[in-house]
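Inspection log for the structure reproduced underneath, given as structure tokens.
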There are 2 protein chains.
Amino acid sequence: MSIIFSKKCEYGLQAVLYLSSTTTQPVVSAEEIAKTLYIPKEFVSKILQELTTSGIVASKKGKNGGFTLNKALSEIRLIDIVAAIDGFDIFNKCVMGFPNCSSESPCPVHGRWSVLSKETYTMLSEETLEDFLAKTKHKIQSIQK
Amino acid sequence: MSIIFSKKCEYGLQAVLYLSSTTTQPVVSAEEIAKTLYIPKEFVSKILQELTTSGIVASKKGKNGGFTLNKALSEIRLIDIVAAIDGFDIFNKCVMGFPNCSSESPCPVHGRWSVLSKETYTMLSEETLEDFLAKTKHKIQSIQK
DNA sequence: GACATATCGGATAAATGATTCTGATTAATA
DNA sequence: TATTAATCAGAATCATTTATCCGATATGTC
């Protein structure tokens, strides 16, 4: 089971991160991404299709086709991928599942969770792929099994 | 869809919280809990069965039976319910889903997420039901639809 | 133009999680 | 003892998510 993102979203984040580390290639095939990330090929290409629709990724059909990022690295944040796939629900809902939990009628952890939720949002929106790449080349291989 | 807890866990937390606010009654029937929390009766009684197994809740069969807390309010923390139902996975897994993410080979948000994850754990383990009750009587009704 | 190799897009299948059903057991009460 | 009201336990159903399949289309190369 996944933590706060759906599996689809996790895979989407991983795939985009991988694309950001392969900018020397014009496009990368779904197969290569799938093999590197140990994600089913059909699934990852479906996810990248969706991200193509939302403008984050571009695709090229036919022989030597594949996927590539559709924006500059400095213009892509993790939150953009999350928003495109899972939406913003996790930042708005009550962590205990109470339908009417709010600052007026808070659940026991409403205040504290609001802070953590906001910090999570910040974590995903403050830095761009460019920042990540500057700090450290993503060693995707080493965080895969 | 739920945020970090399964629906089962959310309902479990809500039910235990409700039980903490009804300590005048010897036991509370699954039906009463279900009606108050707008949870299917069969489902909530199934969940409370599980919490009975793990010792947090006690059940009384037969006529006028129902559920009640099996420990003092000062000895029940939210993390105990989470541990019993969802386990500790959410505190250990990589938020981006990388199988080998660790402090040695971190994903781009590993460090920041570790902090948030730890704070979430603290939020759930620092206070007991007694503390919640002391601060404010749980107005379950007002946070329900 | 023929062929090989990609994505695209819709349909379907498999797996997981959430919910309901049913029958059994238990216990209080009249 | 009969009745009633509750949990218990496991099976069955339903819904959602995850994963796969396949035919169509596009494109580079010979």
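Chain letters run A, B, ... following the sequence lines, proteins first and then strands; every chain starts at 1. Just so it is clear, the model here is predicted, and its values are computed rather than measured.
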> Counting only side-chain N and O atoms of Lys8(B), is one of them less than 4.0 Å from OP1 or OP2 of dT19(C)?
Replying inline: no

>> Rounded to whole Å, please give me the gap between CD1 in Ile3(A) and C1' in dT17(D).
In response: 18 Å

>> Just to be sure I understand the rule, does Gly65(B) reach a base, reach only the sugar-phosphate, or reach nothing, if contact means heavy atoms closer than 4.0 Å?
In response: sugar-phosphate

> Given dA19(D), is OP1 or OP2 found less than 4.0 Å from the side-chain N or O atoms of Tyr11(A)?
Replying inline: yes

> Between Asn100(B) and Ser105(B), does any side-chain donor sit less than 3.5 Å from a side-chain acceptor?
Replying inline: no

> Within this structure, what is the CD-to-P distance between Glu50(A) and dT18(D), rounded to whole angstrom?
Replying inline: 11 Å

> For Lys46(A), which contact category applies under a 4.0 Å heavy-atom criterion: base, sugar-phosphate, or nothing?
Replying inline: base

> Please give, in whole Å, the distance from dT20(C) P to Lys41(B) NZ?
Replying inline: 12 Å

>> Measure CD/Glu31(A) against P/dA4(C) and give the value in whole Å, please.
In response: 17 Å

> Choosing from dT29(C), dT7(D), dT18(D), which nucleotide comes nearest the side chain of Ser59(B)?
Replying inline: dT7(D)

> Roughly, in whole Å, what's the span from NZ in Lys61(A) to C1' in dT25(D)?
Replying inline: 5 Å

>> Do Leu78(B) and Phe132(B) have side chains that approach each other closer than 4.5 Å (heavy atoms only, starting at C-beta)?
In response: yes

>> Let's see if you can work this out: which of dT7(C), dC8(D), dT20(D) has an atom nearest to the side-chain heavy atoms of Glu42(A)?
In response: dT20(D)

> If you pin Pro40(A) and Lys63(B) to their nearest nucleotides in DNA chain D, which one's is more 5'?
Replying inline: Lys63(B)

>> Under 4.0 Å, heavy atoms only, any strand: does Ser29(B) hit a base, just the sugar-phosphate, or nothing?
In response: sugar-phosphate

>> Using the side-chain heavy atoms of Ser6(B), tell me which of these nucleotides is nearest: dT29(D), dT20(D), dA18(C).
In response: dA18(C)

> Of all heavy-atom pairs between Gln14(A) and Gln144(A), which one has the smallest distance, and what is that distance?
Replying inline: OE1-NE2, 3.5 Å

> Glu10(B) CD to dT19(C) P: how many Å, rounded?
Replying inline: 10 Å

> What are the two closest non-hydrogen atoms of Leu73(A) and Ser20(A), and how far apart are they?
Replying inline: CD2-CB, 3.6 Å

> When the distance from CZ of Phe5(A) to P of dT16(D) is rounded to whole Å, what number comes out?
Replying inline: 22 Å

> Quick one: Phe43(A) CZ to dA14(C) C1', roughly how many Å, whole number?
Replying inline: 12 Å

>> Is it the case that atom NZ in Lys71(B) sees more than 12 heavy atoms from other parts of the structure closer than 6.0 Å?
In response: yes

